[in-house]
Amino acid sequence: MADNARAKKLADLIREVVAQKLQRGIKDPRLGSHVTITDTRVTGDLREATVFYTVYGDDEDRASAAAGLESAKGILRSAVGAAAGTKFTPTLAFVADALPENAKTIEDLLDKARASDAKVREVSSGAQYAGDADPYRKPGEDADEAEDEGRAGA
């Protein structure tokens, strides 16, 4: 079992090698400049690597990029093996990263919160206090109230 530092180094190396190979080495038109490698994770035994990627474009572009990555898997694994110099080159699995969808969801929620805040601000702009403007007692007021209560009881 390899230590976590070695797995992290290998994951970083795989990410760099795959990104460079996609940018310069593979001539597949499905893998144009719109594919971005976002993260790489390697198992503890250094046998399997998961490469996360995003695709700039619509669903058709994502599907064609997934097919292109699947067809280029052997070339990319060979490049990783040459760069890593390890006894066993990890198998590569490509997974579409959900980062853009998560970011879109968060942006939608933030827009909803901004609209709600604006609505509350608009409603409260002409509001009055329910009681006094300053509901806290001041020093010296306690003596005045005690005298008033003493007179009311008499």
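Here the side chains of L10 and L46 are in contact, with some heavy-atom distance below 4.5 Å.
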- Message: Is there a salt bridge (Lys or Arg N to Asp or Glu O under 4.0 Å) between K104 and D108? Walk through the geometry before answering.
- Response: CA-CA 6 Å; K104 175 81 170 113; D108 291 344; 3.2 Å; yes
- Check the pair R41, D39 against side-chain contact (heavy atoms from CB on, under 4.5 Å), reporting the backbone distance first and the verdict last. CA-CA 7 Å; R41 295 189 186 144; D39 193 19; 3.3 Å; yes
- Query: Do V18 and V80 pass the side-chain contact (heavy atoms from CB on, under 4.5 Å) test, and can you show the C-alpha distance, the side-chain angles, and the key distance before you say yes or no?
  - Reply: CA-CA 7 Å; V18 169; V80 167; 4.1 Å; yes
- Message: Determine whether I14 and L76 satisfy the following criterion, side-chain contact (heavy atoms from CB on, under 4.5 Å), listing intermediate values before the conclusion.
- Response: CA-CA 9 Å; I14 291 171; L76 294 172; over 6 Å; no
- For side-chain contact (heavy atoms from CB on, under 4.5 Å), just list the numbers for R15 and D12, CA-CA rounded to whole Å, side-chain angles, deciding distance to a tenth of an Å, and then say yes or no. CA-CA 5 Å; R15 186 179 67 241; D12 290 342; 3.3 Å; yes
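Judged as a side chain to side chain contact (heavy atoms under 4.5 Å, CB included), and not counting sequence neighbours, the contacts of F88 are R47, R77. A search for salt bridge (charged side-chain N to carboxylate O under 4.0 Å, His left out) contacts involving D97 returns nothing, not counting sequence neighbours.
Residue D61 holds its CG atom at 4.5 Å from CG of D58, rounded to the nearest 0.5 Å. Within the model, atoms OG of S64 and CD of E60 stand 6.5 Å from one another, a figure rounded to the nearest 0.5 Å. Between Q23 atom CD and I37 atom CD1 the span is 11.0 Å, to the nearest 0.5 Å. Note: R114 CZ to E107 CD = 6.0 Å, rounded to the nearest 0.5 Å. Interatomic distance, NZ of K73 versus CG of L69, reported as 9.5 Å (0.5 Å rounding). To the nearest 0.5 angstrom, K8 atom NZ is 12.0 Å from L13 atom CG.
Between A72 and I26 the shortest heavy-atom distance is CB-CD1, 3.6 Å.
At distances below 3.5 Å, at least one donor-acceptor pair connects side-chain atoms of S78 with backbone N or O atoms of G74.
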Which donor-acceptor pairs under 3.5 Å do side chains of residues 48-56 form with protein atoms, sequence neighbours excluded?
none

